K.L.:
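I am attaching a structure below and will ask some questions about it afterwards.
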Amino acid sequence: MNDEIRRNLALFPIGIVQKLTDLSARQIRYYEQHGLIRPARTEGKQRLFSFNDVERLLEIKRYIDQGLNIAGIKKMVGVAPEASQLPEADVKIGPERKERKELTEQELHDLLKKEIITRASRPGLPNSLIQGELSRFFH
DNA sequence: GTTCTCACA
DNA sequence: TGTGAGAA
């Protein structure tokens, strides 16, 4: 499984993302409306965020803290005009899987660790997580 | 229990 | 942006 796929796997429900980013569900949904992120959806309409989405939210959060508004952030992050509905690497979490696997704190840490390790081993760090934000993941 | 959408004092 | 209603 390559990084591209792994980074785009929709894994987290909005609740997890809230903790990861310290953003309110309201804000997260609001940013989605403005095309800043485009999480996948389960058949039940629930949002599923990928690592890429989380990173982008952290990036957005930085700009918010810097006093930028949505309009300014759109330019910074680069909002794909008609990308609001583009199919993203989706994950099968539907009827066929009776119980949606719960993401425990431990599993979450493992996932994040692996993700971070792969980035750390690649000096090029394209869209790396910010050092300061990184600490949030390791309590 | 969690998330979704929609609407508003 | 927050919050509450009503549904899934």
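Remember, it's a predicted structure, so these values are computed and weren't measured experimentally. Residue numbers begin at 1 in each chain, while the letters A, B, ... track the order of the sequences.
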K.L.:
Quick one: side chain to side chain contact (heavy atoms under 4.5 Å, CB included) partners of Leu68(A), sequence neighbours excluded?
P.N.:
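In terms of side chain to side chain contact (heavy atoms under 4.5 Å, CB included), with neighbours along the sequence ignored, Leu68(A) is linked to Tyr63(A), Gln66(A), Ile73(A), Met76(A).
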K.L.:
Applying side chain to side chain contact (heavy atoms under 4.5 Å, CB included), can you list everything that pairs with Glu32(A), at least two apart in sequence or on another chain?
P.N.:
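Glu32(A): side chain to side chain contact (heavy atoms under 4.5 Å, CB included) contacts with Ile37(A), Pro39(A), Arg41(A), Arg47(A).
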K.L.:
In Å and rounded to the nearest 0.5 Å, what is the CD1 to CG distance from Ile28(A) to Leu36(A)?
P.N.:
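Spacing of CD1 (Ile28(A)) from CG (Leu36(A)) equals 12.0 Å.
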K.L.:
Just the endpoints, please: which first and last nucleotides of DNA chain C, 5' to 3', lie under 4.0 Å from a heavy atom of chain A?
P.N.:
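Terminal contacting nucleotides, 5' to 3': dT1(C) to dT3(C).
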K.L.:
Which dot-bracket notation, 5' to 3', represents the base pairing of DNA chain C when pairs are defined as Watson-Crick or G-U with both distances under 3.5 Å, crossing pairs as [ ], and inter-strand pairs as |?
P.N.:
.|||||||
K.L.:
To the nearest angstrom, how far is Leu48(A) atom CG from dC4(B) atom C1'?
P.N.:
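These atoms are roughly 13 Å apart.
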K.L.:
Enter the distance from Arg38(A):CZ to Asn52(A):CG here, rounded to the nearest 0.5 Å.
P.N.:
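The distance works out to 9.0 Å.
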K.L.:
Report all interatomic pairs (protein N or O, nucleotide N or O of nucleotides 6-9 of chain B) with separations under 3.5 Å.
P.N.:
none

K.L.:
Looking at Asp53(A) and Ser50(A), would you say the former's side chain and the latter's main chain have a donor-acceptor pair under 3.5 Å?
P.N.:
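Yes; at least one donor-acceptor contact below 3.5 Å.
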K.L.:
Within the 4.5 Å heavy-atom criterion, are Tyr31(A) and Ile70(A) side-chain neighbours or not?
P.N.:
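When only atoms from C-beta onward are counted, Ile70(A) and Tyr31(A) do touch, with a gap below 4.5 Å.
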K.L.:
Whole angstrom is fine here: how far is it from CD in Gln18(A) over to P in dT3(B)?
P.N.:
7 Å
K.L.:
To the closest 0.5 Å, what do you measure between CD (Gln18(A)) and CD1 (Ile14(A))?
P.N.:
6.0 Å
K.L.:
Find the distance Gln46(A):CD to dT5(B):P and express it as a whole number of Å.
P.N.:
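Answer to the nearest Å: 10 Å.
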K.L.:
May I ask you to decide whether Glu55(A) forms a salt bridge with Arg119(A), counting only side-chain N to carboxylate O separations under 4.0 Å?
P.N.:
yes
K.L.:
Rounded to the nearest angstrom, tell me the gap between atom CG in Leu23(A) and atom C1' in dT3(B).
P.N.:
17 Å
K.L.:
Measuring from Phe12(A):CZ to Leu48(A):CG, what's the distance to the nearest 0.5 Å?
P.N.:
10.0 Å
K.L.:
Looking at dC4(B), I'd like to know if its phosphate oxygens (OP1 or OP2) sit under 4.0 Å from a side-chain N or O belonging to Arg29(A).
P.N.:
yes
K.L.:
Taking side chain to side chain contact (heavy atoms under 4.5 Å, CB included) as the definition, give me every residue that meets it alongside Gln33(A), ordered by chain and number, with sequence neighbours left out.
P.N.:
Tyr30(A)
K.L.:
Drop me the distance from Ile117(A)'s CD1 to Asp110(A)'s CG, to the nearest 0.5 angstrom.
P.N.:
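It comes to 9.5 Å.
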